[in-house]
Amino acid sequence: MLELGNDTAVVPTPAAATQWTGEAAWSVYRLPFNDLLFRAQSAHRQHFDPNRVQLSRLLNIKTGGCPEDCGYCSQSSHHATGLAASKLLDVEKIVAEARKAKEGGATRYCMGAAWRNPKPRDIDAVIEIVGAVKALGLETCMTLGMLDREQSDRLSAAGLDYYNHNIDTSERYYPSVISTRSFADRLETLDNVRQSGMKVCCGGILGMGESENDRVDMLVTLANLPEPPESVPINMLIPIPGTPLADAAPIGPIEFVRIIALARIMMPVSFVRLSAGRSAMTDEMQALCFFAGANSIFVGDTLLTAGNPEDEADRKLFRRLGLQAL
Ligand code: SAM
Ligand code: DTB
Ligand code: SF4
């Protein structure tokens, strides 16, 4: 249970380049809500325009049939979700979708493939895709599973701007969600991506039955990476029928907003993305997330396989809140 701290003056904030301890992060997390949000909004204003939100758009370039057993995922071949598997999409189809995304205001195009890791011929194909999407003037991001150093070097040389690879939860809770790869495997790929010179997009999912401590510890791992990720997606679990987490107890909105605020305080110069799960959030909850320091979203009515708010709903929300696309 959350115990509210009542002495805000003694709550520590590590100086830049200092490692966060679990205790320090927890003592910020448990601040009275108003103090936590004030701190998060103050940190946000030091580094960002508080009324600008970066827009990314996703495309699933290879759907389903994935050999990993991630307990949340519609695309795992271990779960009977009824999703049909596809092959890698043609570059022409991807470019046509990317062009529409750009016309809709997205500045970054994120492409996901349901692979454990890319095979050599997959890398050749995605390198062609990176070049074609970049030629439209969009930033590119890909999430293709585990990468070895040679693969990440090749993607970096091809001009891929970001690589998304989430740690998903705390190291302690990770084996309750995924058994086919380890937390250490995730960190190894993140290290390869960083060493290759690409920007890192790394976050996780809330609402998988983890404790509040697990959520805070996930942020401690992210903030303590040799360099924090430039982009931190915070997903709210979209429960998928047929997966082991289909009936997970939903996370409360206040607990969700606390984690967004803590992410903003612990990684003040990173973009914090309010990612999957917005369709199940009220405008008020999203408004609180933006106030707590979220400054990026996915736009478009589909994420990879699951739904996301319609463009018109997001336009209306931005008008109501006076927000503008970055
Ligand atoms: N196969 C690649 C991998 O796992 O690294 C990339 C695709 S994977 C679908 C990208 C991320 O989406 C996952 O790491 C997870 O954080 C998020 N995600 C997947 N299914 C989700 C769900 N049902 N609800 C919320 N987030 C989800
Ligand atoms: C991330 O953290 N969230 C995005 C992106 N990275 C690739 C994916 C969300 C997937 C939501 C479930 C689905 O569409 O299947
Ligand atoms: Fe595969 Fe990624 Fe889904 Fe895990 S999250 S099952 S690795 S597509």
Side-chain angles (χ1 to χ4, degrees), residues 56-79 81-83 85-86 88 108-118 122 126 140-147 151-152 162-169 173-174 177-183 185-190 192-193 200-210 218 222 229 231-248 250-251 256 263 271-281 294 296-309:
S56 288
R57 182 143 190 165
L58 266 170
L59 179 68
N60 210 356
I61 60 171
K62 195 268 165 211
T63 302
C66 183
E68 304 277 19
D69 69 352
C70 310
Y72 47 78
C73 188
S74 62
Q75 304 194 76
S76 165
S77 58
H78 296 255
H79 320 315
T81 61
L83 188 76
S86 80
L88 185 64
R108 190 176 312 154
Y109 205 57
C110 306
M111 294 159 274
W115 288 323
R116 173 174 164 82
N117 52 265
D122 299 328
V126 294
T140 49
C141 176
M142 283 192 167
T143 178
L144 314 169
M146 293 188 273
L147 296 182
Q151 291 174 322
S152 61
Y162 286 80
Y163 197 77
N164 167 244
H165 199 67
N166 291 342
I167 58 169
D168 281 337
T169 188
Y173 196 64
Y174 193 90
V177 181
I178 301 152
S179 77
T180 50
R181 51 169 155 69
S182 67
F183 198 77
D185 290 332
R186 290 312 257 188
L187 296 179
E188 198 178 312
T189 291
L190 289 167
N192 289 335
V193 169
V200 172
C201 172
C202 182
I205 309 180
L206 309 183
M208 301 193 294
E210 72 288 343
M218 175 179 88
L222 294 174
S231 163
V232 180
I234 304 292
N235 298 278
M236 185 170 83
L237 179 73
I238 301 178
I240 310 278
T243 62
L245 290 170
D247 300 315
I251 177 174
F256 189 94
F271 279 82
V272 174
R273 181 172 309 125
L274 179 57
S275 296
R278 288 198 302 114
S279 293
M281 296 178 193
S296 170
I297 58 170
F298 285 118
V299 289
D301 61 6
T302 311
L303 293 164
L304 291 172
T305 68
N308 196 46

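As the structure lists them, so they are numbered: ligands from 1, and atoms in each ligand from 1.
Between the side chains of S182 and D185, at least one donor N or O lies within less than 3.5 Å of an accepting N or O. N192 and Q151 share no side-chain donor-acceptor pair at under 3.5 Å.
Residue S275 places no N or O, backbone or side chain, under 3.5 Å from any N or O of ligand 2. For ligand 2, one of its N or O atoms has an N or O atom of A306 under 3.5 Å away. Not a single N or O atom of Q75, backbone or side chain, sits closer than 3.5 Å to an N or O atom of ligand 1.
Looking at S77, its side chain does come within 3.5 Å of a backbone N or O of C66 through a donor-acceptor pair.
Close approach to L237 involves these atoms of ligand 1, each under 4.0 Å from a residue heavy atom: 24 (N), 25 (C). Within ligand 2, counting atoms from 1 as listed, the ones closer than 4.0 Å to a heavy atom of P233 are 2 (O). If you number the atoms of ligand 1 from 1 as listed, the ones under 4.0 Å from a heavy atom of R181 come out as 4 (O). Taking a cut-off of under 4.0 Å to the non-hydrogen atoms of R186, the atoms of ligand 1 that pass are 3 (C), 4 (O), 5 (O). Here is the list of ligand 2 atoms found below 4.0 Å of a heavy atom in S74: 15 (O). Applying the 4.0 Å criterion to heavy atoms of A276 picks out, from ligand 1, the atoms 25 (C), 26 (N). Each of the atoms 25 (C) of ligand 1 lies under 4.0 Å from some heavy atom of M236. For ligand 2, the atoms sitting less than 4.0 Å from at least one non-hydrogen atom of T305 are 13 (C), 14 (O), 15 (O), numbered in the order shown with element in parentheses. Against a heavy-atom cut-off of under 4.0 Å, L304 is close to the following atoms of ligand 1: 9 (C). Close contacts of ligand 1 with W115, meaning ligand atoms under 4.0 Å from a residue heavy atom, involve 1 (N). Near A114, meaning under 4.0 Å from one of its heavy atoms, ligand 3 places the atoms 8 (S).
The residue from N166, N164, L237, L304 that puts a heavy atom closest to atom 10 (C) of ligand 2 is L304. When the options N166, N117, T305 are ranked by their closest heavy atom to atom 11 (C) of ligand 1, first place goes to N166. If you check each of I205, N235, L147 against atom 18 (N) of ligand 1, the one with the closest non-hydrogen atom is I205.
For atom 4 (Fe) of ligand 3, the closest non-hydrogen atom of the protein is C70 SG, 2.3 Å. In terms of protein heavy-atom proximity, atom 3 (N) of ligand 2 is closest to N235 OD1, 3.0 Å. Ranking the protein heavy atoms by distance from atom 4 (C) of ligand 2 puts F298 CE1, 3.6 Å first. When only non-hydrogen protein atoms are considered, atom 1 (Fe) of ligand 3 lies nearest to C66 SG, 2.3 Å. Distance from atom 3 (Fe) of ligand 3 to its nearest protein heavy atom, with residue and atom name: C73 SG, 2.3 Å.
R278 forms no cation-pi arrangement with F298, by the criterion of a distance under 6.0 Å to the ring centre and an angle within 45° of the ring axis. Y162 carries R108 over the face of its six-membered ring, with the cationic atom under 6.0 Å from the centre and within 45° of the normal.
Looking at T302 against ligand 2, nothing comes within 4.0 Å, counting heavy atoms.
Residue R181 places a heavy atom under 4.0 Å from ligand 3.
One distance of note links NE2 of H79 with OG of S74; it measures 9.0 Å at 0.5 Å rounding.
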